[in-house]
Amino acid sequence: MPLSPQGFGQRTAGVHGWQHHGERGRGGDESQETDGHTITHRMPHKAEDRQGEREEEEEEEEEEGDEGMRERSDEREQQHDTSRNDSTAMDKKETNEQKLYKIANELLQTEKAYVARLNLLDQVFCAKLLEEANKGTFPTDVVKGIFSNISSIHTFHSQFLLPDLEKRMGQWESTPRLGDILQKLTPFLKMYAEYVRNFDKAMDLLKQWTERSPQFKAIILEIQGQEACGNLTLQHHMLEPVQRVPRYEMLLKDYLKKLPENDPDRPDAQKSLDTIGMAATHSNSAIRKSENLKKLLEIYEMVGEEEDIVNASNEFIKEGHILKLAARNTSAMDRYLFLFNNFLLYCVPKFSLVGQKFTVRTRIGLDGMKVVETTNEDYPHTFQVSGKERTLELQASSEQDKEDWIKAFQETIAIFHQKYETFKSASKDSEEVSTAELGKRAPRWIRDNEVTMCMKCREQFNALTRRRHHCRACGYVVCWRCSEYKAQLEYDGNKMNKVCKDCYSILTGNTEEKEGKKKGILEIEAAQFSGSSIMCGFLQYCEKSKPWQKVWCVIPEKEALVLYLYGAPQDVKAQSTIPLLGYAVEDNPKGADTPSSFRLSQSKSVHCFAAENEEVKQRWLRVIRVAVTGEVPESPPPHGDTPPHPSIDSAPLDPPNSDGL
């Protein structure tokens with residue numbers, strides 16, 4: 001940029017000002033110190049006058065020069081402005097064309113990255129797991145259930161869409177258009193609908209077999225450690241197809257904004273946008289869920305990958321540091337809260353730069369939770385969270401922080417109870433078909449808008465991955481997982497119809513689950529038992545030659561002679577039950593290679609357990625040894641920072657001889 005006349009004048013005056021200021025005693029005496037003595041020089045007056053005249057003449061010449069420079073600079077500025085205005089219109093046109101090219105190039109580059117992710121899922125993860133499954137280590141159906149139709153999606157993008165985009169970008173100067181290519185994508189959007197519908201099931205299978213099979217887990221860990229994975233988990237990569245269709249919609253919208261109205265590519269581009277936009281609209285809830293799922297994955301990794309957090313029904317609400325006030329003294333302990341739509345995780349921070357950052361101390365369900373503001377003379381900004389599993393007195397960092405937490409809790413609890421009341425109301429008001437008439441008379445179907453969650457397992461519905469289905473026998477609204485049974489219905493000419501698992505058991509007389517596990521005799525929600533239990537906590541469990549698995553074990557106060565085994569603390573049904581009366585108890589049984597283990601045996605029935613450590617094992621044994629005699633055991637005294645009826649008496653464990661994922 002040319003220097004302005006004002007700026008030049010200021011700089012010149014500034015230089016002279018500095019020079020004048022630097023001269024001392026002009027027109028008078030000038031002192032100088034030498035070896036401690038002061039020597040005074042006297043300047044002649046005529047010399048002084050001549051010097052002053054020269055300076056005045058120089059200043060006048062500089063002013064005249066400044067005026068000339070101003071005039072010449074003004075002329076140059078006018079010429080520059082004229083040329084700049086002339087080029088603006090040209091730049092604007094070029095910029096618009098450049099923007100269209102950049103959008104097309106962004107589509108190509110993101111497509112290349114997307115195909116690389118699809119290749120990682122299809123040719124690396126899926127291929128390696130199938131290779132191991134073919135050896136009989138775990139079922140091939142598990143691998144196919146996890147990756148669904150990813151192979152078809154990968155083939156289409158790698159062999160058709162990406163090559164077409166690369167060819168078009170090479171011919172962009174002669175054929176600058178995208179609409180015709182993206183129209184080829186629209187017939188294949190059905191593949192994405194299938195993938196998204198299967199996503200919840202895939203996540204469940206992935207979690208289940210990671211815990212059950214050490215070989216399955218080892219393969220995933222090995223691939224995740226490769227550079228191609230970018231330090232991301234398999235779950236993160238599996239989110240890519242869910243997010244891709246809305247990405248096409250966003251780029252197409254931007255492309256159409258820059259495209260001239262009379263451009264020949266506009267009709268094809270608009271048609272492509274309309275079709276892709278409809279698919280993206282159906283995917284909006286999946287995208288929101290995928291963003292929420294990313295957060296759940298982050299939390300899952302931060303708490304040591306133990307809690308059952310990565311679940312489509314879980315929604316992250318709020319997190320943050322908090323102080324917990326001790327009941328026995330006046331100390332305040334640093335804690336961390338993760339609030340979800342259906343439970344609260346109360347955690348202890350760990351001093352670790354990588355890996356696990358928090359240890360879960362307690363998991364508190366929102367059912368029955370209350371939050372009240374409290375007053376404490378020694379500690380300001382306090383409030384109390386009270387649940388079935390535990391009561392916490394907490395201190396926020398400020399009054400505003402306290403209000404934010406209380407508001408978040410109250411709003412989340414209100415929404416939770418509203419959905420639960422909807423479920424209860426629909427169940428109560430429905431015209432139930434009696435057991436005797438089941439299958440013989442057509443039921444009244446519960447309307448979709450009358451319920452927000454599955455009337456069997458209480459999982460929340462959503463538009464894509466957990467849609468509503470009706471049981472043709474009782475008319476209840478259930479999820480796909482609770483409606484994957486079929487039975488003959490007399491009122492429909494004994495044709496096979498989709499029914500819920502309860503009706504399936506009644507109609508067929510089959511009391512076993514599809515996977516062959518027997519139902520518990522007394523199946524009650526784990527959260528209800530955990531809040532009033534003699535003993536509860538995580539243990540590793542093995543039956544006969546089956547793999548070890550982590551289970552949530554509960555001996556309830558109301559059923560003190562029965563041990564309930566759940567998959568997680570919030571499960572609505574137990575996996576199995578063990579009536580303890582008459583069982584033999586073996587501490588550290590022979591041949592056991594797992595530390596802190598014990599065995600329950602009766603006739604041909606053998607159940608092996610392993611605790612986190614010896615102390616936890618002995619707490620369980622003290623209770624079980626009383627129960628097997630037929631007497632009601634007492635709850636063991638609490639240990640550490642654990643309350644009398646904790647939701648976790650022992651920390652989550654990894655399966656024996658396996659690494660944590």
Side-chain angles (χ1 to χ4, degrees), residues 299 302-304 306-307 309 314 316-351 357-417 526-538 557 569-570 619 635-652:
I299 299 173
M302 286 193 289
V303 298
E306 293 292 350
E307 288 293 319
I309 293 174
N314 296 339
F316 170 74
I317 304 296
K318 184 177 173 63
E319 67 176 307
H321 280 280
I322 204 83
L323 291 178
K324 188 260 182 183
L325 303 185
R328 298 176 181 175
N329 51 53
T330 58
S331 64
M333 298 168 286
D334 185 27
R335 296 292 183 261
Y336 203 89
L337 301 182
F338 291 102
L339 177 61
F340 299 86
N341 62 324
N342 47 8
F343 62 90
L344 170 72
L345 288 185
Y346 167 65
C347 305
V348 179
K350 293 185 68 176
F351 297 99
K357 296 182 179 179
F358 302 98
T359 299
V360 177
R361 181 60 58 84
T362 307
R363 178 171 176 151
I364 305 175
L366 261 66
D367 188 14
M369 179 182 287
K370 296 180 180 179
V371 179
V372 295
E373 186 176 355
T374 57
T375 302
N376 191 309
E377 295 180 357
D378 298 323
Y379 298 94
H381 324 310
T382 58
F383 62 99
Q384 180 178 282
V385 177
S386 177
K388 292 180 178 180
E389 296 82 3
R390 188 166 183 182
T391 296
L392 305 170
E393 187 172 2
L394 306 170
Q395 181 187 14
S397 60
S398 64
E399 190 67 19
Q400 183 62 49
D401 188 32
K402 180 188 75 172
E403 292 176 1
D404 291 344
W405 271 112
I406 293 177
K407 181 181 179 182
F409 272 110
Q410 291 176 341
E411 289 178 352
T412 307
I413 293 170
I415 293 172
F416 176 84
H417 285 298
Q528 296 180 13
F529 271 164
S530 300
S532 57
S533 63
I534 295 174
M535 188 76 178
C536 64
F538 278 113
E557 291 179 349
Q570 298 297 322
R619 286 168 55 82
S635 178
H639 63 96
D641 190 32
T642 310
H645 292 301
S647 63
I648 299 180
D649 266 308
S650 57

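Only heavy atoms go into these numbers, but all of them, side chains included; no hydrogens, no water, no symmetry mates.
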Novice: Less than 4.5 Å apart, side chain to side chain, heavy atoms only: is that true for T412 and K318?
Specialist: no
Novice: So do M302 and I299 actually touch side chain to side chain, heavy atoms under 4.5 Å?
Specialist: yes
Novice: Mind listing the closest non-hydrogen atom pair of R335 and P349 along with its distance?
Specialist: CA-CD, 4.0 Å
Novice: Once you round to the nearest 0.5 Å, how far does CD of E373 lie from CD of E399?
Specialist: 6.0 Å
Novice: If you apply the rule side-chain contact (heavy atoms from CB on, under 4.5 Å), what do you find for K357 with Y336, and how did you get there?
Specialist: CA-CA 10 Å; K357 296 182 179 179; Y336 203 89; over 6 Å; no
Novice: Mind checking the CG-CZ spacing from L345 to R361? Nearest 0.5 Å is all I need.
Specialist: 13.0 Å
Novice: Which atoms form the tightest heavy-atom contact between L344 and L366, and what is the distance?
Specialist: N-CD1, 4.2 Å
Novice: So, taking the atom named CZ in R363 and the one named SG in C347, what distance separates them when rounded to the nearest 0.5 Å?
Specialist: 10.5 Å
Novice: State which residue, out of F343, F358, F316, fulfils the ring pair (Phe, Tyr, Trp, His ring centres under 6.0 Å) condition with F338.
Specialist: F358
Novice: Quick check for you: to the nearest 0.5 Å, what is the distance between S533 atom OG and E557 atom CD?
Specialist: 7.0 Å
Novice: I need the minimum non-hydrogen distance between G387 and I364, along with the two atoms involved.
Specialist: CA-CG2, 3.8 Å
Novice: At their closest point, which heavy atom of I317 faces which heavy atom of N341, and how far apart are they?
Specialist: CG1-N, 3.7 Å
Novice: Answer yes or no: is there a side-chain heavy-atom contact under 4.5 Å between Y346 and K324?
Specialist: yes
Novice: Only one of L392, L394, I413 forms a side chain to side chain contact (heavy atoms under 4.5 Å, CB included) with V371, so which one is it?
Specialist: I413
Novice: Quick check: do V385 and K370 have side-chain heavy atoms less than 4.5 Å from each other?
Specialist: no
Novice: Look only at the side chain of Q384 and the backbone of T391, and say whether a donor-acceptor pair between them is shorter than 3.5 Å.
Specialist: no
Novice: Is it true that Q395 and H381 share a donor-acceptor pair across their side chains at a distance under 3.5 Å?
Specialist: no
Novice: Find the distance between CD1 (I406) and CG (D401) and round it off to the nearest 0.5 Å.
Specialist: 10.0 Å
Novice: Is T382 reaching over with its side chain to a backbone N or O of T374, donor-acceptor style, under 3.5 angstrom?
Specialist: yes
Novice: Look up atom CG in D367 and atom CZ in F416, then write down how far apart they are to the nearest 0.5 Å.
Specialist: 4.5 Å
Novice: I'd like to check W405 versus L337 (side-chain heavy atoms, cut-off strictly below 4.5 Å). Are they in contact?
Specialist: yes
